[in-house]
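Counting from 1, the numbers follow the sequence of the chain as shown. If you're wondering where the values come from, they're calculated on a predicted model, not measured in any experiment.
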Amino acid sequence: MDAYSMSVASASHKSTSRIYQDLKSSRLHTVSSFSFDKLSSRFNIRNSYSKSGTMDPTKKPHVGIVGAGMAGLRSAGYLLELGFQVTILEARDRLGGRIYQEKLPNGHFVDMGANWIHGTKENSIFQLAKETGTITTNWDGDAAVFDEHGHMLPAKDGERFSTIMWNIIAEAFQYSDKHSAEIDTSRSLLDFFKEKVVDQIPETEEDYARQREIVLQMAELWGAFVGSPVEKQSLKFFWLEECLDGENLFCSGTYRKIMEKIVAPVVDGGADIKLQTRVAEIFGKSTNTTGSNTVKVKTTDNQVYEFDELILTTPLGWLKQNLQAFHPPLPPRLISAIQSIGYGCLEKVYISFPKAFWLEPDASNVNNNNNVSRTVRGFCQWLSPSYASFTNPSRWTNEIVELGSSDPSVAHPTLLFYIYGAESEYVTSKVRSLSSSSSPGADKNSPPSPRSTEAAGQFLYAFFHPYYSLLPSYNPSDPDCQPSGYLATDWLHDDLAGNGSYCNFQVGLKEGDNDILAMRHGVPEEGIWMAGEHTATFVALGTVTGAYWSGEDVARRVAEGYGRGVVGSREAAV
């Protein structure tokens, strides 16, 4: 979940909402009483993790962590503080996983992975942002909206339709939470929108059909929140998409300082970090015939590592594609969970200009449909465009966050386009094709560079031209209005990212909450534990905060199994 998200939970709703009940159980109570006892009884899984007193007290447990993203680094830092020996196996040549930065041609760094902090109330990532002085932006003003003909809607109309949309979203959260058990698995969020928009805009209103259509077109923007089209979003498990209370902040200063803060105790604490080390096979404790009760990891270069416990923080998409790597096979319930939860395909395209021309009112009144004084700050949306038939015959809705109105210390004249679904598949494949054709000797099995070729850049400029050319004060003859550089993500062709972005919940899903709990539980009897945004507390699924918390929680569970205490104020080390 990366583009703007929201929480609509009232105080009364939170007292009954399952996402907050799960948050309370997972974050405020001891994990041993919740994660082991409750999950084990639910899935009928035997607990054979070691209790205090059953281990050699002089031994320093050795924990392996696969993946050096947010979850892996947090797990490592937590365990190191409790005196564990930690080895991190990371397939990339850097730390951070899907959180990293690239430099635009204009010299500014931007996040290629997560951009947002979802919720500010009791959010660990928000606290780290404050501690590190990370600059964030909250665009709480009205988004600029262009209709299907390329006309900017008057501000009052855009605000009204947006309010209707978010009212339906809020109603969908609560309806899904209350009636999930009886909602048919085939019902989508779009189905709910089609039902409720009739109540919001009755036939007695003038031009009601067009108004309803605009709201339904706005509903498509939810796809940029979950990384998949709204018609694929499960209504039954829509409640799992609600987020923490508070503001939703854009990391204008990028996630760099936050990640440095998380990396520091791992490096300083003496973790053995092995980069460019790709896991091929994992052998659980039951396969060990030496009697040492360890789990083994074999890498693609035939190195074998042996650990007392293994924490697997690979992305959900990687798990989906590598189920054959586990020996013995993962339990059927866990395999079902991994296969059932959806995996999104959100991508980002940054396009920079010499000047943020969209921040200046368009005095010519050519492109903004009588919105003479309008500028674009924060969000801008182009709904189901009919005027880009050559480049966008499917009429994919597009959305940007403009980066020119951030804090002056980090602002720069750049538009960040969020794309998902079929559009992201088309754009990334086209960029990859242009890059491969211009570099015939390149490895076609690896993702292209974020700024692959001039041909790729020209394609992106042309593809998004119908949208940025409608912004206020755009002048095709003005050099300040011509693109000066770009960066584009390609998670869809990144095997280490699991060829996608983050978890979501799609139509057809039958046991979404139990699937998450099964992945959160892992296979402790085999010494295999799991962490990542797909195993997070329900209120933080698909977020950086969720990944951070999941790494912390699984590390605590491992530590408790060895009779070690909890880092922080709740329990002292044993």
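Annotation: side chain to side chain contact (heavy atoms under 4.5 Å, CB included) contacts of Pro466 (sequence neighbours excluded): Tyr387, Ala388, Thr391. When the ring pair (Phe, Tyr, Trp, His ring centres under 6.0 Å) test is applied to Tyr255, no partner is found at least two apart in sequence or on another chain. Residues that satisfy the side chain to side chain contact (heavy atoms under 4.5 Å, CB included) test with Thr277, not counting sequence neighbours, are Leu89, Lys274, Thr299, Tyr305.
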Requested in this report: May I have the step-by-step check of side-chain contact (heavy atoms from CB on, under 4.5 Å) for Leu73 and Ile65, ending in yes or no?
Outcome: CA-CA 9 Å; Leu73 292 169; Ile65 298 176; over 6 Å; no

Report task. Start with the C-alpha distance between Ile117 and Cys251, add both sets of side-chain angles, then the distance that settles side-chain contact (heavy atoms from CB on, under 4.5 Å), and finish with yes or no. Result -> CA-CA 7 Å; Ile117 297 174; Cys251 282; 3.8 Å; yes

Query - Tyr467 and Trp358: CA distance, side-chain angles, deciding distance, ring pair (Phe, Tyr, Trp, His ring centres under 6.0 Å) verdict - result: CA-CA 12 Å; Tyr467 318 114; Trp358 52 86; over 10 Å; no

Query raised in the report: What's the verdict on side chain to side chain donor-acceptor pair (under 3.5 Å) for Trp139 and Ser405, showing C-alpha distance, side-chain angles and the deciding distance?
Result: CA-CA 9 Å; Trp139 286 288; Ser405 62; 3.0 Å; yes

Requested in this report: For the pair Val410 and His108, evaluate side-chain contact (heavy atoms from CB on, under 4.5 Å) and give the outcome as yes or no after the intermediate values.
Outcome: CA-CA 8 Å; Val410 293; His108 287 269; 5.7 Å; no

Requested in this report: Test Leu128 against Thr134 for side-chain contact (heavy atoms from CB on, under 4.5 Å), laying out the working first.
Outcome: CA-CA 8 Å; Leu128 288 171; Thr134 295; over 6 Å; no

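Ring pair Trp529/Phe307: centre-to-centre distance not below 6.0 Å. Aromatic ring centroids of Trp239 and Phe173 lie 6.0 Å or more apart.
Here the options are Arg432, Lys348, Met112, the test is side-chain contact (heavy atoms from CB on, under 4.5 Å), and the partner is Asp490; only Arg432 passes. A ring pair (Phe, Tyr, Trp, His ring centres under 6.0 Å) with Phe225 is found for one member of Phe238, Tyr420, Trp166 and no other, namely Trp166. The residue from Gln233, Glu241, Lys232 that alone fulfils the side-chain contact (heavy atoms from CB on, under 4.5 Å) condition with Asn504 is Glu241.
A donor and an acceptor atom, one from each side chain of Thr397 and Glu220, are located under 3.5 Å apart. No side-chain N or O of Thr545 forms a donor-acceptor pair with one of Thr543 less than 3.5 Å apart. With hydrogens and angles left out, the side-chain atoms of Gln506 and Ser228 include a donor and acceptor closer than 3.5 Å.
Under the 4.5 Å side-chain criterion, counting only non-hydrogen atoms from C-beta, Tyr468 is not in contact with Glu402. Using a 4.5 Å heavy-atom threshold, the side chains of Val558 and Val63 count as touching. Side chains of Asn398 and Asn392 form a contact here, defined as non-hydrogen atoms less than 4.5 Å apart. Side-chain atoms of Met218 and Leu383, non-hydrogen and from C-beta on, do get closer than 4.5 Å to each other. Residues Ile125 and Trp549 have side chains not in contact (no heavy-atom distance under 4.5 Å, counting atoms from C-beta outward). Within the 4.5 Å cutoff, side-chain heavy atoms of Val110 are placed close to those of His412. Between Arg92 and Tyr100, every side-chain heavy-atom pair lies at or beyond the 4.5 Å cut-off. In this structure, the side chains of Ser550 and Met530 stay at 4.5 Å or more apart for every pair of heavy atoms.
Taking the six-membered ring for Trp and thresholds of 30 and 60 degrees, Phe250 and Trp116 have ring planes more than 60 degrees apart, a perpendicular arrangement. Using bins of under 30°, 30° to 60° and over 60° for the plane-to-plane angle, the ring pair Tyr426/Phe459 lands in the perpendicular bin.
The two residues Val295 and Glu309 have their closest heavy-atom pair at CG1-C, 3.9 Å. Closest of all the heavy-atom pairs between Cys345 and Gly421 is SG-N, 3.3 Å. Residues Ala224 and Tyr418 share a closest heavy-atom pair of CB-CB, 4.3 Å. Scanning all heavy atoms of the two residues, the minimum distance from Tyr502 to Gly227 falls at OH-N, 3.9 Å. Scanning all heavy atoms of the two residues, the minimum distance from Val86 to Ala76 falls at CG1-CB, 3.9 Å. In terms of heavy-atom proximity, Leu471 sits nearest to Trp382 at CD2-CZ2, 3.8 Å.
At least one donor-acceptor pair closer than 3.5 Å links the side chain of Arg564 to the backbone N or O of Leu82. A donor-acceptor contact shorter than 3.5 Å links the side chain of Ser501 to the backbone of Leu346. Of the possible polar contacts, none joining the Asn322 side chain to the Ala325 backbone as a donor-acceptor pair under 3.5 Å is found. No donor-acceptor pair under 3.5 Å is formed between the side chain of Lys355 and the backbone N or O of Cys481. Between the Arg557 side chain and the His521 main chain, a donor and an acceptor come within less than 3.5 Å of each other. Under a 3.5 Å cut-off, the side chain of Lys60 and the backbone N or O of Phe84 do not form any donor-acceptor pair. With Ser352 contributing its side chain and Tyr486 its backbone, the two residues share no donor-acceptor pair below 3.5 Å. When atom types are taken as modelled, the side chain of Glu347 and the backbone of Trp491 share a donor-acceptor pair closer than 3.5 angstrom. Judged by distance alone, the side chain of Ser75 and the main-chain N or O of Ala71 form a donor-acceptor pair under 3.5 Å.
Distance check, rounded to the nearest 0.5 Å: CG of Leu316 to CD of Glu533 gives 7.0 Å. Between atom OG1 of residue Thr254 and atom CD of residue Gln101 there is a gap of 4.0 Å, rounded to the nearest 0.5 Å. Taking OH of Tyr548 as the start and CG of Asp553 as the end, the distance is 10.5 Å to the nearest 0.5 Å. Distance CE/Met259 to CZ/Arg94: 9.0 Å, rounded to 0.5 Å. Here the straight-line distance linking atom CG of Asp515 with atom OG1 of Thr535 works out to 13.0 Å at 0.5 Å rounding. Interatomic distance, CG of Leu334 versus CG of Leu517, reported as 12.0 Å (0.5 Å rounding).
Counting non-hydrogen atoms of other residues, nucleotides and ligands closer than 6.0 Å to NZ of Lys430 gives a total of 12 or fewer.
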